[in-house]
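Down below is the structure, laid out as C-alpha cells.
The model shown is predicted, which means the values in this text are computed figures rather than measured ones. This chain uses plain numbering: 1 for the first residue, then up along the sequence.
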Amino acid sequence: MLRSEIRQVLGVDLPIEGGNGTSLEEAIVIRKRKGHDIYSVESAVLKYLYERYCLAQELVKQELLSREGRIYDRFVSFCQYKENKPDEIDLVNVYFDITDCWNRKAKPGKQQNS
C-alpha cells in the first residue's frame with residue numbers, strides 16, 4: 001500500500017513492501033534492487049511520510065537493531081502532526097527491515113569499506 005501511494009504521488013517505484021513502519025512487526029521492508037541503495041530508499045520514504053503527516057519534524061536518533069536474524073533501521077523523531085493524520089500513523093518510531101540489502105560479510109578476497 002505504501003509503495004503504491006509513493007508511486008502515485010511521487011512517480012517513483014521504490015523497492016519496498018511490508019507494513020507502515022510503525023513497529024518491528026509492521027516494518028517497511030526494503031528489497032535489494034539495482035540502482036537503489038538503503039539510504040536513498042529510506043530517505044525518500046521518510047520524506048514522503050513526514051511531508052504528508054507532519055507540520056514539523058526533527059530526527060532525534062537513528063539506530064540499527066538485530067532481532068531474530070533480521071536487521072532493522074529505526075528512526076526516532078519528534079513530529080508535530082497535521083490535524084488530518086489517521087490514528088494508525090505514528091511517526092515517532094519508523095522501522096525499516098533492511099535485511100535483504102544489508103552487507104553483513106565481505107566477500108572472500110575483497111575488503112569492506114567503512
Are [X] and [Y] connected in the hydrophobic side-chain network, where two residues link if heavy atoms are under 4.5 Å apart?
X	Y	value
L2	I38	yes
M1	I6	no
L46	V92	yes

Report the residues that fulfil salt bridge (charged side-chain N to carboxylate O under 4.0 Å, His left out) with K47, sequence neighbours left out, ordered by chain and then residue number.
E51
List the steps, then state whether side chain to side chain contact (heavy atoms under 4.5 Å, CB included) holds for F75 with E63.
CA-CA 7 Å; F75 291 80; E63 65 182 344; over 6 Å; no
Side chains of D90 and Y81: any donor to acceptor distance under 3.5 Å?
yes
Just do the salt bridge (charged side-chain N to carboxylate O under 4.0 Å, His left out) check on D100 and K32 with the steps written out, would you?
CA-CA 6 Å; D100 189 47; K32 191 172 190 172; over 6 Å; no
Set of residues satisfying side-chain contact (heavy atoms from CB on, under 4.5 Å) with respect to K82, sequence neighbours excluded:
L55, N84
Do you know the tightest heavy-atom contact between [X] and [Y]?
X	Y	value
T99	G69	CG2-O, 4.0 Å
V76	L59	O-CD1, 3.5 Å
L14	A44	CD1-CB, 3.9 Å
L49	L91	O-CD1, 3.7 Å

Audit row: I30, W102, side chain to side chain contact (heavy atoms under 4.5 Å, CB included) steps and yes/no
CA-CA 10 Å; I30 300 177; W102 185 255; over 6 Å; no
Tell me who clusters with L24, hydrophobic residues only, linked when side chains sit under 4.5 Å apart either directly or through other members.
L65, Y72, Y95
Listing request: all salt bridge (Lys or Arg N to Asp or Glu O under 4.0 Å) pairs with a residue in residues 4-17, at least two apart in sequence or in separate chains.
R3-D13, E5-R52, R7-D13, D13-R33, E17-R31
Does anything in residues 18-28 pair up under salt bridge (Lys or Arg N to Asp or Glu O under 4.0 Å), and if so which pairs, sequence neighbours excluded?
none
Going by heavy atoms in the side chains, are V94 and I28 under 4.5 Å from each other?
yes
Is there a side-chain contact between V45 and I16, using heavy atoms and a 4.5 Å cut-off?
yes
Could you check whether atom CD of Q8 has more than 12 heavy atoms from other residues, nucleotides or ligands sitting under 6.0 Å from it?
no
If you round to the nearest 0.5 Å, how far is CD of Q57 from SG of C79?
6.5 Å
When rounded to the nearest 0.5 angstrom, what is the spacing between CD1 in I89 and OG1 in T22?
7.0 Å
Partner residues of Y53 under the ring pair (Phe, Tyr, Trp, His ring centres under 6.0 Å) criterion, sequence neighbours left out
none
Verify side chain to side chain contact (heavy atoms under 4.5 Å, CB included) between Q62 and E42, making sure each step is shown before the conclusion.
CA-CA 12 Å; Q62 178 184 2; E42 286 177 334; 4.2 Å; yes
Is S43 reaching over with its side chain to a backbone N or O of Y39, donor-acceptor style, under 3.5 angstrom?
yes
